Amino acid sequence: MEDEAEIYDGVRAQFPLSFGKQSKPQTSLEAIHSTTRRSTTTATATATTNKTDELPSLSSSSKDWLSSLRNPNSNSSTNEDEADLIGPPRPPPDDEDEDVGPIIGPPRPSAAQLESIDEEEEMVGPPRPPPGMSFGDSEDEVEEEEETENQYRIPLSNEIVLKGHTKVVSALAVDPSGSRVLSGSYDYTVRMYDFQGMSSRLASFRQLEPSEGHQVRNLSWSPTADRFLCVTGSAQAKIYDRDGLTLGEFVKGDMYIRDLKNTKGHITGLTCGQWHPKAKETILTSSEDGSLRIWDVNDFKSQKQVIKPKLARPGRVPVTTCTWDCEGKCIAGGIGDGSIQIWNLKPGWGSRPDIHVEKSHSDEITGLKFSSDGRILLSRSFDGSLKVWDLRQIKQPLKVFEDLPNHYAQTNIAFSPDEQLFLTGTSVERESTTGGLLCFYDRARLELVSRVGISPTCSVVQCAWHPKLNQIFATAGDKSQGGTHLLYDPTISERGALVCIARAPRKKSIDDFEAKPMIHNPHALPLFRDQPSRKRQREKELKDPMKSHKPELPVTGPGFGGRVGTSAGSLLTQYLLKQGGMIKETWMDEDPREAILKYADAAAKDPKFIAPAYAQTQPEPVFAKSDSDDEEKEK
């Protein structure tokens, strides 16, 4: 075998390195995951190392001794012969002839150090700890931290970002199997990601624009993951299949009908929408027109049910968000006046809510979420708070979490798979130095568990914790960028990011053949070429009186340039007739009253047209005589 290997190496040396089948370099999974590892803070370690320096009463020698207890290997007096010694180094002996047995535990201080400590004045402050005790966290505290981490097991060690949007990502949907992710943005587009077919470049396989010029506000998968609902700022929701092909669009209602129950659909922009958790044919939408509607996806022409919230004053108050409970037997809606209204789906139910919480928030509600047992309701609002409600005692919230800035109408809340935790995102404020955070809360203790920084400049809007993948999705962005951050842990997460991050993009081979495309440009031919813009030429022609055929203005005064003035007649024929005496203009010299009265006698003697028809029946006119003579007599 050795001879064959030598012969092969000798023959192989005669050929270039690029000859033959090339072996692909294999990258270990540890190296791949190390590139996506999140940077963790070392606040605990920093606080631990600083505790020694904070003891004011110890001398420099005592501090050196304490530091030697902490880091025994840093002892400068370690001999070269002890390099192979396992464990802490042997302390310097007081007497060279003294037989030192096996060392157990940390080294004891030297004689010089003990003398310097004894010569010091009386020690002020806490007593010196016994040897073997470190200034770090106690064992109990470390155990508690480990128990807390093991209890929640939040996958935060690694992170990837699904990029592609140019504005904040406002909608997120992960299918129940965890293989496809949908993200919608304020840039009017929806991007579709497939973990099974995606490489480490993390590029989307399809991009949609559901409604031109309208923001994408919500996305929701059907229970069977064969279709998804897309809600935009328009009044019509759309249904797509799993591959992004349009299946239908719901009808828009008549905006001139005042009663919303008589319209066939929403009349203004949608705010939220969600697929029924159990029934694959039913969806729920809410709108700015102040109504919630239940639809059948097989009938795009009209809704099944119209729900009008209860209002303190008649009018139209937008419904800002809506949701189903986990069984699909209950509907909750967040109203623009800050109230929460809940309807139970039962025979003969109507628009009257079963639960009505007035002024639950001081501002519009952006997100609602039921727990799986149907006892807890979480609400998120523009007022910067997250409230926990017990549906059995709904009058007052169980807990209110403040200081959670929110500037987006799509900010939601999500539960962990076991529902021990719930999480929400925060927005970036102008004057604040804090970036977009993902806050985790304990459901049982109702306290903050962890804050995770997602982006220093972008706000966190939507979040989700997928139960099968055990991975956390968080959408973020601002006015110029947007992306979906995916947090995972290789030790406890499954599939999802682990599948695509280890798949390197395909390299081009020399055997690849790409046919050069045939370019067809029919508009380059003179027959199909568009005429060039003649705007300037038309403007120039309009200014030219000859080309624009503008009528000539009459010449005032005497004529010039071959044209006769108006004083002698504007036309040449008129001028010639006047000069020849054929046209006599006498009306300038006559009195108009006398010219009319000269025909009065002829009209009376020889009446024409209408007057003869009434000659026999027309009475003689009787005119009032002037009283001027009587007035003169009275004077």
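Remember, it's a predicted structure, so these values are computed and weren't measured experimentally. In what follows, residues are counted from 1 in the order of the sequence shown.
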Side chain to side chain, Arg227 and Trp221, heavy atoms closer than 4.5 Å: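 Arg227 does not reach Trp221 side chain to side chain.
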
Set of residues satisfying ring pair (Phe, Tyr, Trp, His ring centres under 6.0 Å) with respect to Tyr441, sequence neighbours excluded: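 Phe401, Phe422.
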
Proximity of Phe415 and Trp465 rings by center, below 6.0 Å: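 Ring centres of Trp465 and Phe415 not closer than 6.0 Å.
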
Indicate yes or no for a side-chain donor-acceptor contact from [X] to the backbone of [Y] under 3.5 Å, with no hydrogens or angles considered.
X	Y	result
Arg293	Gln305	no
Ser493	Asp489	yes
Glu281	Asp296	no
Thr271	Ser286	yes
Asn406	Tyr408	yes
Thr36	Ile160	no
Lys387	Ser360	yes

Atom of Ser450, atom of Val452 and distance for their closest heavy-atom approach: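 Scanning both residues, the minimum pair turns out to be OG-CG2, 3.8 Å.
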
Least distance between heavy atoms, Asp289 atom then Leu260 atom: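 Scanning both residues completely, I find the closest heavy atoms to be O-CD1, 3.1 Å.
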
Phe228 and Tyr240 aromatic ring geometry - parallel, tilted or perpendicular at 30°/60° bounds: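 The arrangement is parallel - the two ring planes meet at less than 30°.
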
Tabulate below the donor-acceptor pairs under 3.5 Å that side-chain atoms of residues 323-331 make, not counting sequence neighbours, or state none.
from, atom 1, to, atom 2, distance (Å)
Thr323, OG1, Gln274, OE1, 2.9
Trp324, NE1, Gln274, O, 3.2
Asp325, OD1, Gly328, N, 2.7
Asp325, OD1, Lys329, N, 2.8
Asp325, OD1, Cys330, N, 3.2

Do the charged groups of [X] and [Y] touch, with an N to O distance under 4.0 Å?
X	Y	result
Asp390	Arg443	no
Glu364	Arg380	no
Arg191	Glu209	no
Lys304	Asp299	no
Asp194	Arg180	yes
Asp259	Lys308	yes

Test applied, side chain to side chain donor-acceptor pair (under 3.5 Å); reference residue, Tyr186; option that passes from His165, Lys167, Gln410, His214: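 It is Gln410, the one option of His165, Lys167, Gln410, His214 that forms the side chain to side chain donor-acceptor pair (under 3.5 Å) with Tyr186.
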
